[in-house]
Amino acid sequence: MRKLQAQGVHHITLVGADRQTSIDFWEGVLGMPFIFEQPNLDRAAESHLYFDPGDGRLITIFTNEERKPDPRRTPTEPGCVHHIAFNVSRVTFLQAVERLEERGIKNTGPKDRGFMDSIYFNDPLGLTIELASYRFEPPLGFTHADVLMEAHRIRVARGDYAIAEIHLADAIEQIVEGSRASLSEDRSPKKAY
């Protein structure tokens, strides 16, 4: 059977509480511009707020002035969202704990994930948010996913537990060698990843 080929996340929609709670968190804390609002076309009692997470895609929130924020952890049973991760620059990541604590937002502090660093905290409705910062930049013309796929292959071949910085460095080296010509060797350019 043929696939329905995805080409990226179009948007993620969350069920929010009141309108101002969403604006205060998504734009006020995470810096996502509030770009437009319209009624929820499937439920007239709700509004539909749209925020830009930084890549031109959308995070949208259904709000209703009758709902109040409940900070208890959202469900994590099968089929539920565990957390949403947002990419942040290294300089923003290094300021994140201080800026969250200025607002009284409890967080995990930096967590070493091998190929990235993460900080976790909850939004006003109990959804876990992750701020993630990659430890590498992919070679020109390649994506983070290209590097991670090659790093995974290297890690598995070596029998290592999880992707570490050495796997990333070796993956980047292999990608560059396989995609760039060199006069010192008979290498013709190819994009093999």
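- In terms of hydrophobic clustering, with Ile, Leu, Val, Met, Phe, Trp and Tyr side chains grouped at heavy-atom distances under 4.5 Å, Ile61 and Tyr50 are assigned to different clusters.
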- Message: Thr63 vs Val15, test: side-chain contact (heavy atoms from CB on, under 4.5 Å). Steps then yes/no.
- Response: CA-CA 7 Å; Thr63 63; Val15 176; over 6 Å; no
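- The side-chain heavy atoms of Thr143 and Pro138, taken from C-beta on, include no pair separated by under 4.5 Å.
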- Task: Please assess Phe25 against Ile129 for the test side-chain contact (heavy atoms from CB on, under 4.5 Å), listing each intermediate value before the final yes or no.
- Result: CA-CA 11 Å; Phe25 181 75; Ile129 303 294; 3.9 Å; yes
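- Looking only at side-chain heavy atoms (C-beta outward), Ile154 and Gln174 come within less than 4.5 Å of each other.
- Here the straight-line distance linking atom OG of Ser22 with atom CG of Leu125 works out to 6.5 Å at 0.5 Å rounding.
- Other residues, nucleotides and ligands contribute at most 12 non-hydrogen atoms within 6.0 Å of the CD atom of Glu66.
- More than 12 heavy atoms of other residues, nucleotides or ligands lie within 6.0 Å of CZ in Arg57, so this atom counts as buried by the packing criterion.
- To the nearest 0.5 angstrom, Asp170 atom CG is 14.0 Å from Arg155 atom CZ.
- Taken to the nearest 0.5 Å, the OG atom of Ser89 stands 10.5 Å off from the CG atom of Leu131.
- No hydrogens or angles considered: nothing links the side chains of Thr21 and Asp24 as a donor-acceptor pair under 3.5 Å.
- Under the 4.5 Å side-chain heavy-atom criterion for Ile, Leu, Val, Met, Phe, Trp and Tyr, Val9 and Ile59 are members of the same hydrophobic cluster.
- Put simply, the side chain of Arg135 gets close to the backbone of Gly114: a donor and an acceptor are under 3.5 Å apart.
- We find that Arg153 and Glu150 are joined by a salt bridge, their nearest charged nitrogen and carboxylate oxygen being less than 4.0 Å apart.
- One hydrophobic cluster holds both Leu30 and Phe34 under the rule that ILVMFWY side chains link at heavy-atom gaps under 4.5 Å.
- When all heavy atoms are compared, the tightest approach of Ile172 to Pro139 is CG2-CG, 3.9 Å.
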List the atom pairs, donor and acceptor, that lie under 3.5 Å between side-chain atoms in residues 76-83 and the rest of the protein, sequence neighbours left out.
residue: His83; atom: NE2; partner: Glu130; partner atom: OE1; Å: 2.8

- Task: Determine, stepwise, if the pair Ile166 / Arg158 fulfils side-chain contact (heavy atoms from CB on, under 4.5 Å).
- Result: CA-CA 11 Å; Ile166 186 69; Arg158 294 177 184 169; 4.0 Å; yes
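- Residues Asn87 and Met116 form no side-chain contact, since every pair of their non-hydrogen atoms from C-beta on lies 4.5 Å or further apart.
- Annotation: the span from Glu102 atom CD to Arg99 atom CZ amounts to 7.5 Å, rounded to 0.5 Å.
- Looking at every heavy atom in both residues, Ala151 comes nearest to Ile163 through CB-CG2, 4.1 Å.
- Residues Pro71 and Asn122 have side chains not in contact (no heavy-atom distance under 4.5 Å, counting atoms from C-beta outward).
- Arg90 and Glu137 are not joined by a salt bridge, as no carboxylate oxygen comes within less than 4.0 angstrom of a charged side-chain nitrogen.
- At least one side-chain heavy atom of Leu14 sits less than 4.5 Å from a side-chain heavy atom of Ile84.
- Taking all atoms of both residues into account, the shortest heavy-atom contact from Phe86 to Met32 is CE2-CE, 3.4 Å.
- In terms of heavy atoms, Leu127 sits closest to Arg73 at CA-NH1, 4.0 Å.
- Checked by atom type and distance alone, the side chain of Asp160 never pairs as donor or acceptor with a backbone atom of Ala162 at under 3.5 Å.
- Ring-plane geometry between Phe51 and Trp26 is classed as tilted, the angle between the planes lying from 30 to 60 degrees on a 0 to 90 degree scale.
- Annotation for Lys68 and Ala17: closest pair C-CB, 3.6 Å, computed over non-hydrogen atoms.
- Closest non-hydrogen pair, Arg67 versus Glu46, comes out as NH1-OE2, 2.7 Å.
- With contacts defined as side-chain heavy-atom distances shorter than 4.5 Å, the pair Thr74/Asp123 does not qualify.
- In the hydrophobic cluster analysis, where Ile, Leu, Val, Met, Phe, Trp and Tyr join through side-chain heavy atoms closer than 4.5 angstrom, Ile23 is grouped together with Ile105.
- For the atom pair OG1 (Thr60) and CG (Leu49), the distance works out to 9.0 Å, reported to the nearest 0.5 Å.
- Under the rule for a ring pair (Phe, Tyr, Trp, His ring centres under 6.0 Å), the partners of Phe136 that lie at least two apart in sequence or sit in another chain are Tyr134, His144.
- Contact of the Phe142 side chain with the Val176 side chain is not registered, since no non-hydrogen atoms from C-beta on lie closer than 4.5 Å.
- Both Val88 and Val29 are assigned to one and the same hydrophobic cluster, defined by single-linkage of ILVMFWY side chains at heavy-atom distances under 4.5 Å.
- Counting heavy-atom neighbours within 6.0 Å of Leu41 CG, excluding the residue itself, gives a total above 12.
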